[in-house]
Amino acid sequence: MDRRATAAMVLENEVANVTLDSIGEAVLRTDAQDQVTYLNRKAEEMTGWRREEARGRPMAEVLRLIESVGSPAVGNALGVATDGEQADFTNFILVRRDGFECGIERKVTPIQDPDGRVTGAVVAFHDVTAAQAKSLQMSHLAQHDVLTDLPNRLLFNDRLTQAIALADRQGKQLAVMFIDLDHFKKINDSLGHDVGDKLLQSVAGRLLACVRRSDTVSRLGGDEFVILLSQVEHAEDAAYSARKILRALTAPHIIDNKSLDINASIGVSTYPSDGQDAEGLMNRADNAMYEAKEHGRNNYQFFRHEMHARLAERQLLEADLRCALGRNEFLLHYQPKLGLQTGEITGVEALIRWLHPQRGVIYPAQFVPIAEECGLIVPIGQWVLLEACKQAKAWRNSGLGVVPVSVNVSAAEFGAKDFLSGVRAVLIATGVQPQHLELELTETVLMRDAEAAVVTLAKLKAMGVQLAIDDFGTGYSSFTYLRRFPSDALKLHQSFVQEITVDPADAAIVSAMINLGRSLKQRVIAEGVETRAQLKFLQRHGCGEGQGFYFSPPVAAEQAGRLFKDGFREVVH
Ligand code: C2E
Ligand code: MG
Ligand code: MG
């Protein structure tokens, strides 16, 4: 019985040893005198002591620990174990027998006999160097932009908040600069994201070179950067930095052996005058940046309080705009287009108006850009398309005549996935022939993603819809694309037309554009004809069609219908 019991115990010990040797945690045991009685294999490896050599030596000799920052002083294992500190892991630096150091996490658990007396301790520990490196790397990643390695918004906010607190204590100023690249999207779209990314890296480098070490340059995302200037004596210091940045960015960026030009618009806000906290300062620098864009880009603007008022006004308008469709506040006016030789009406353009309950009529220039920015333009555009087609049908049914109706389409609508199916559905629902619907797309919309535009236009063309390039001459059409866009008409922007009788340069441009349109087999429509002299010029230069106040302003549907029969025969002669 005795022998068997002993054998069983030996076996159990064996199993325990094998188990302890196979785990990744280092385990060391001490007796009541704090002398080592056992090390598992991992502990041997980490301390550099073999089990047999270590047995009977003081624990402090085998497990040589130095405090790492923030840890309690090292006592003996029993001291620690009985001090009630055993519950948690604590961090130390372990010095291996050969002097190699590594960070460890250690936990001490006392061993008690049946009477509750402490007879030793179990010390468990593991290497945390790799985990610490990983966590450092993780925290760097969490706080930096992967593309440029600049601090991200999170870290920037943190630094700004600290800088504000410091400036407040020292009675100093600081400035926040919002930087947005001008027309970056065009580069991204035309040359690809890879080139776009490299350009952003190049910009990041230039920005860093423009500021002091104590300043923070951060990328918020896309082509938006923000800089914290932490030592500003006067507003003029920030203006100096802004000018320096604009200059630095202007020099060509050499990317993949190509020389690229980019400008930026900068908005500046200063502490304490423009805001008391990080969020306020960021908002106001952003407002000022928008103002810089409005001022024709490639410039900087300081935040001014009127800007805020303007923005608040815009927000009010946006809130009203959200309800306008539901409240049926939109209506369409129609402006005739006519053949300049015959005076016959060749079509009408539907132009949206907003009948605001308090403000009265609001014109598209005031709300279409807002609707575009907040995405509302998509449902509004669907409404316009349906309404215009219903009207076309109503004119036909009333016997007033059939004229094609033109509808303006903005970028967000044109790019929407269901745009084509939406157009098809409206044509079916209203019974309007596809050739009696013309879609007007501005050059800027088409050139945003010219390749995709070629595809969408071809599909519309296949449906039988007419296509016109609106505001021709103001965008950046390339001749290559002009040839590839399957459009039917070019509409010359009114700014050219209005100068033809005063400015010889504009006259030459318009006449060249008319010829270009004709040789591309397009109908050419002059917008904004206001005087007889302009009409005569256009007739002389062979422009096919015209539209403008000289003939008729945009009018309500009923009035437009009355124009169909007679057209403007007298007017053009
Ligand atoms: P657009 O398509 O180029 O339309 C021509 C604009 O010129 C219209 O302004 C029209 O009223 C104005 N106009 C016409 N003849 C003359 C003239 O002889 N002299 C001058 N100075 N102006 C003239 P409106 O109605 O204010 O529309 C402005 C722009 O808003 C339009 O330019 C178009 O781009 C956009 N828009 C209008 N309706 C819609 C719409 O339903 N959807 C979308 N997405 N945009 C629209
Ligand atoms: Mg138009
Ligand atoms: Mg136009």
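Hydrogens, waters and symmetry mates are skipped; everything else that's a heavy atom, side chains included, is used. In this chain, numbering begins with 1 at the start of the sequence shown. One-based numbering, in listed order, for ligands and for the atoms of each.
The distance from ligand 1 to the heavy atoms of Gln335 drops below 4.0 Å at these ligand atoms: 14 (C), 15 (N). Near Gln498, meaning under 4.0 Å from any of its heavy atoms, are these atoms of ligand 1: 19 (N), 20 (C), 21 (N). Of all the atoms in ligand 1, the ones that sit under 4.0 Å from a non-hydrogen atom of Glu530 are 17 (C), 18 (O), 19 (N), 20 (C), 21 (N). Counting atoms of ligand 1 from 1 in the listed order, those under 4.0 Å from a heavy atom of Glu413 are 44 (N). For ligand 1 and Glu527, the ligand atoms under 4.0 Å from any heavy atom of the residue are 3 (O). Taking a cut-off of under 4.0 Å to the non-hydrogen atoms of Pro364, the atoms of ligand 1 that pass are 24 (P), 25 (O), 26 (O), 27 (O), 28 (C), 30 (O), 36 (N), 37 (C). For ligand 1, the atoms lying closer than 4.0 Å to a non-hydrogen atom of Glu349 are 1 (P), 2 (O), 4 (O). Per-residue contacts place Arg353 under 4.0 angstrom from the following atoms of ligand 1 (heavy atoms of the residue considered): 11 (O), 25 (O).
Nearest-heavy-atom check against atom 44 (N) of ligand 1 across Ser410, Pro369, Ala468 picks out Ser410. Nearest-residue assignment for atom 7 (O) of ligand 1 (options Glu440, Glu387, Gln494; heavy-atom criterion): Gln494.
The pair Arg569-Glu344 meets the salt-bridge criterion, since a charged nitrogen lies less than 4.0 angstrom from a carboxylate oxygen. Under a 4.0 Å N-O distance rule, the pair Arg523/Glu438 qualifies as a salt bridge.
For the pair Pro364 and Arg353, the tightest heavy-atom approach, listed with the atom from each and the gap, is CD-NH1, 3.5 Å. The shortest heavy-atom contact between Met513 and Leu492 is CB-CD2, 3.9 Å.
For Asp145 and Thr148, the side-chain atoms include at least one donor-acceptor pair closer than 3.5 Å. Side-chain contact, Glu349 with Asn408: a donor N or O sits under 3.5 Å from an acceptor N or O. The closest side-chain donor-acceptor pair between Arg396 and His436, if any, does not fall under 3.5 angstrom.
With a 4.0 Å heavy-atom cut-off, ligand 1 is reached by the backbone of Asn408 and by its side chain too. Residue Asp470 touches ligand 1 through its side chain alone, judged by heavy-atom distances below 4.0 Å.
Remark: distances from the non-hydrogen atoms of Gly381 to ligand 1 are all 4.0 Å or more. Residue contacts with ligand 1: Gln547 is excluded, as none of its non-hydrogen atoms falls under 4.0 Å.
None of Leu150, Asp149, Leu154 except one satisfies the side-chain contact (heavy atoms from CB on, under 4.5 Å) rule with Asn152; the exception is Leu154.
The closest donor-acceptor contact from the side chain of Asp503 to the backbone of Ala505 lies under 3.5 Å.
With sequence neighbours left out, the salt bridge (charged side-chain N to carboxylate O under 4.0 Å, His left out) criterion links Lys536 to no other residue. Scanning for side-chain hydrogen bond (donor to acceptor under 3.5 Å, both in side chains) contacts around Asp223 gives an empty result, with sequence neighbours left out.
Taking the Mg ion (ligand 2) as reference, the nearest N/O/S atom within Glu440 carries the name OE1. Of all N/O/S atoms in Asp470, OD2 sits nearest the Mg ion (ligand 2).
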- Task: Decide yes or no on salt bridge (charged side-chain N to carboxylate O under 4.0 Å, His left out) for Glu313 and Arg359, but give the supporting numbers first.
- Result: CA-CA 12 Å; Glu313 153 78 13; Arg359 298 168 196 240; 2.7 Å; yes
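Checked by distance only, ligand 1 and Pro554 stay at 3.5 Å or farther apart across all their nitrogen or oxygen atoms. For ligand 1, the polar-atom distance check against Leu351 finds no nitrogen or oxygen pair separated by under 3.5 Å. For ligand 1, the polar-atom distance check against Asp471 finds a nitrogen or oxygen pair separated by under 3.5 Å.
Look at Asp471 and the Mg ion (ligand 2): no N/O/S atom of the residue is under 2.8 Å from the metal.
Vertex the Mg ion (ligand 2); arms to Glu349 atom OE2 and Asn408 atom OD1; angle 90° (nearest 10°).
Within 6.0 Å of CD in Glu570 there are 12 or fewer heavy atoms belonging to other residues, nucleotides or ligands.
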